[in-house]
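Beneath this line is the structure, given in structure tokens, with notes to follow.
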Amino acid sequence: EAMTAAFLALSDRDATLLRLRYAEGSDNERLAGMYRVSSRTIQRWLSDAHEAVRPGGRTALARGGRISDRDLQSLLVLVDSQLELTLRGLFRET
């Protein structure tokens with residue numbers, strides 16, 4: 001739920017890039033062609049989108065208040081380390 005909330009808060013471009021990457025498996029070259037930019041620009045945009053998801057997920061998890069600070073920190077480390085898998089799972093559900 002927290003990751004879904006974080007994803008929904010993304011800009012349209014960031015959300016579309018992540019959806020194309022994780023739901024449709026588009027690589028940097030294909031995305032670069034679609035957006036008419038370089039692969040390096042796509043790589044930077046995807047990195048920015050990942051960074052935008054992380055704080056949103058943290059905020060949503062912390063807002064729930066049902067988890068201790070220590071457990072929250074442990075969970076956030078896990079989410080960060082598994083972000084790509086988390087996004088793939090999110091897109092499978094939607």
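Throughout, numbering of the chain's residues begins at 1 and tracks the sequence.
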CG (Leu46) and CG (Asp14) are apart, to the nearest 0.5 Å, by 8.5 Å
Would you say Arg30 and Leu20 make side-chain contact, with heavy atoms under 4.5 Å?
-> no
Side chain to side chain donor-acceptor pair (under 3.5 Å) involving Glu29 - partner list, sequence neighbours excluded = Ser39
Output yes when a side-chain donor or acceptor of Ser47 lies under 3.5 Å from a complementary backbone atom of Gln43, and no otherwise.
-> no
Drop me the distance from Arg21's CZ to Asp27's CG, to the nearest 0.5 angstrom.
-> 7.0 Å
So CG of Leu17 and OH of Tyr35: to nearest 0.5 Å the spacing works out to 4.0 Å
With Arg13, which residues qualify under side chain to side chain donor-acceptor pair (under 3.5 Å), at least two apart?
-> none
Flag side-chain contact, heavy atom, 4.5 Å: Trp45 against Val37 | yes
Once you round to the nearest 0.5 Å, how far does CE of Met34 lie from OG1 of Thr16?
-> 8.5 Å
